[in-house]
Amino acid sequence: MTDHGAAGQALSAELEALTAELSAPAATIAAALGTAAPHDTARIAAAGREVTRIGHKVHDFSARLTRARAAAAATAAEDRTDGRAVLPPAWYQLGTRADGLRLALNRWPRIRAAVDEALPGRPRPLFPPRRRGVDPWAGRDAVGDALFGTLHQVLGAPAQDADAEAHGCFADIGLPHSLFMLNAHAAYRVWLALRRKGGADFLDVGCGGGLKVLSAAGFFARCTGLEYDPGYAAAAGDLLRRAGTGNCRILNGDALTYDNYDRYDVVYLYRPMRHEAALHALERRIVSQVRPGTILIAPYKGFAQRQGGEGCQPLGGALYVAGYTGAEARRLRRQAEFTGGAVVHSTRGVADVFTPVEAALHANGFDIADTVGALDA
Ligand SMILES: C[S@@+](CC[C@H](N)C(=O)[O-])C[C@H]1O[C@@H](n2cnc3c(N)ncnc32)[C@H](O)[C@@H]1O
């Protein structure tokens with residue numbers, strides 16, 4: 001028991017009870033956001049009202065704490081010959097705990113705004129709708145894509161290895177970066193909709209100089225590039241080392257004999273092989289080995305016709321899901337459309353009663369910071 005008198009002890013116990021009381025609706029909101037959309041809006045709204053009600057109690061508690069502390073300080077001053085108000089440390093500890101709860105409650109309006117954003121009723125398409133006529137954003141993408149082309153050269157792309165060429169490999173001709181980002185972001189949202197734990201494993205089959213592996217690292221927990229050409233594989237490894245990303249690796253090997261496709265959650269391939277027969281064999285190998293629910297990104301002609309249908313369903317753009325029926329894939333896509341677009345991998349700052357809500361928001365693709373601009377506007 002802390003040593004700050006009966007009044008302080010009673011307030012300390014009350015603060016503990018208030019913290020537990022506030023944790024309950026926070027846990028309810030986090031749990032409701034943790035299930036598949038549509039979320040239980042009524043339950044979340046009721047828990048939100050509960051937070052507001054407890055917030056008033058915390059406000060009242062803070063005022064009483066301030067008064068009790070002032071009274072304790074006055075008594076302490078009377079007891080000393082020098083008249084200084086020196087309180088027992090327990091009062092300061094109580095003050096720090098109360099400040100923590102108040103700071104958490106200060107976050108509540110922003111958290112509530114983000115929760116309101118996350119509630120269903122507004123599906124957001126995985127891919128922007130096709131526009132008639134001139135796309136006003138095409139110029140921005142073209143400049144970004146040209147920049148990545150330049151970076152690829154500046155990073156010292158080696159010439160294709162003769163053996164790799166004889167093997168039927170394409171040279172390292174990258175998919176336009178904007179197209180990759182569009183599909184990788186949509187794949188991330190599908191991954192969130194799958195509601196798996198632990199972060200996704202991404203594989204680039206034929207990763208060339210590794211720029212897509214590095215780009216994927218922003219979305220997925222662990223990223224691997226598989227590359228046949230030893231010069232490209234070395235350049236990709238060097239790039240990742242220099243970038244300092246701890247979650248990426250390069251494997252120098254042949255995708256036609258690689259046996260571990262079932263270890264990945266997202267598999268990307270951009271026309272690795274020149275010869276149609278080898279490319280088709282590679283596609284078949286991947287599709288037959290991956291686990292059901294694996295997201296495939298295959299942005300080139302022919303993949304949909306060859307691998308689509310039974311066992312590999314389209315999700316829009318260049319995305320496919322393996323091992324699902326058409327109805328399951330449509331449901332998954334719908335779920336993914338209820339996720340937001342935010343990519344956040346960990347909660348920020350000191351943990352408090354609302355940290356589980358924040359984590360649940362992130363797992364749905366929403367971020368507290370996302371809504372700040374809207375509130376301030
Ligand atoms: C068209 S590039 C794509 C590069 C990168 N994935 C991108 O999208 O920017 C194809 C890459 O696949 C590699 N490749 C082709 N066949 C392969 C195989 N059987 N095993 C591993 N890599 C292969 C090539 O060496 C080349 O780097």
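Keep in mind it's a predicted model, so treat the numbers as computed, not measured. In each ligand, atom 1 is the first atom listed, and ligand 1 is the first ligand listed.
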Query - Sidechain-backbone polar pair: Tyr228 side chain, Ala255 backbone, donor-acceptor under 3.5 Å - result: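 Side chain of Tyr228 to backbone of Ala255, a donor-acceptor pair under 3.5 Å: no, none is there.
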Query raised in the report: What do you reckon, does Gly168 put a non-hydrogen atom under 4.0 Å from ligand 1?
Result: no
**Report entry** ligand 1 contacted by Gly225 (non-hydrogen, < 4.0 Å)
**Finding:**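 It does not; every heavy atom stays at 4.0 Å or beyond.
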Using a 4.0 Å heavy-atom cut-off, which part of [X] comes near ligand 1: side chain, backbone, both, or neither?
X      : answer
Tyr268 : side chain
Tyr232 : side chain
Glu227 : both
Ala278 : neither

Provide the number and element of each atom of ligand 1 under 4.0 Å from a heavy atom of [X].
X      : answer
Gly208 : 27 (O)
Leu175 : 7 (C), 8 (O), 9 (O)
Phe170 : 24 (C), 25 (O), 26 (C)
Gly253 : 20 (N), 21 (C)
Asp204 : 5 (C), 6 (N)
Asp172 : 4 (C)
Gly174 : 7 (C), 9 (O)
Lys212 : 7 (C), 8 (O), 9 (O)

Query raised in the report: Can you name the residues that form a salt bridge (charged side-chain N to carboxylate O under 4.0 Å, His left out) with Asp161, not counting sequence neighbours?
Result: none
**Report entry** Residues in salt bridge (charged side-chain N to carboxylate O under 4.0 Å, His left out) contact with Asp60, at least two apart in sequence or another chain
**Finding:**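 With sequence neighbours excluded, Asp60 shows a salt bridge (charged side-chain N to carboxylate O under 4.0 Å, His left out) to Arg64, given in chain and number order.
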Requested in this report: Please round to the nearest 0.5 Å and tell me the distance separating atom CG of Leu194 and atom CG of Asp265.
Outcome: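 It is 8.5 Å, given to the nearest 0.5 Å.
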Query raised in the report: About how many Å separate CG of Asp352 and OG1 of Thr355, when rounded to the nearest 0.5 Å?
Result: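 Between atom OG1 of Thr355 and atom CG of Asp352 there are 4.0 Å.
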How far is [atom] from the closest protein heavy atom, and which atom is that?
atom                    : value
atom 15 (C) of ligand 1 : Pro272 O, 3.1 Å
atom 19 (N) of ligand 1 : Asp254 OD1, 2.8 Å
atom 17 (C) of ligand 1 : Cys169 SG, 3.7 Å
atom 1 (C) of ligand 1  : Ile173 O, 3.1 Å

Query raised in the report: Using the ring of each side chain (for Trp, its six-membered ring), is His345 parallel, tilted or perpendicular to Tyr188, with breaks at 30° and 60°?
Result: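 Judged by the thresholds at 30° and 60°, the geometry between His345 and Tyr188 is perpendicular.
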Salt bridge flag under 4.0 Å for residues [X] and [Y]:
X      : Y      : result
Glu283 : Arg271 : no
Glu14  : Lys57  : no
Arg110 : Asp367 : no

Query - Ring center gap for Tyr270 and Phe180 short of 6.0 angstrom - result: no
Requested in this report: Taking the six-membered ring for Trp and the single ring otherwise, decide whether the centroids of Tyr264 and Tyr261 are under 6.0 Å apart.
Outcome: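 Ring centres of Tyr261 and Tyr264 not closer than 6.0 Å.
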Is there a polar contact, in the sense of an N or O pair closer than 3.5 Å, between [X] and ligand 1?
X      : answer
Tyr228 : yes
Ala255 : yes
Gly206 : yes

**Report entry** Enclosure of Glu16 CD (heavy-atom neighbours >12, cutoff 6.0 Å)
**Finding:**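 12 or below, so no.
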Query - Member of Leu296, Asn183, Val266 meeting the side chain to side chain contact (heavy atoms under 4.5 Å, CB included) criterion with Leu319 - result: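 It is Asn183; the other options fail the test.
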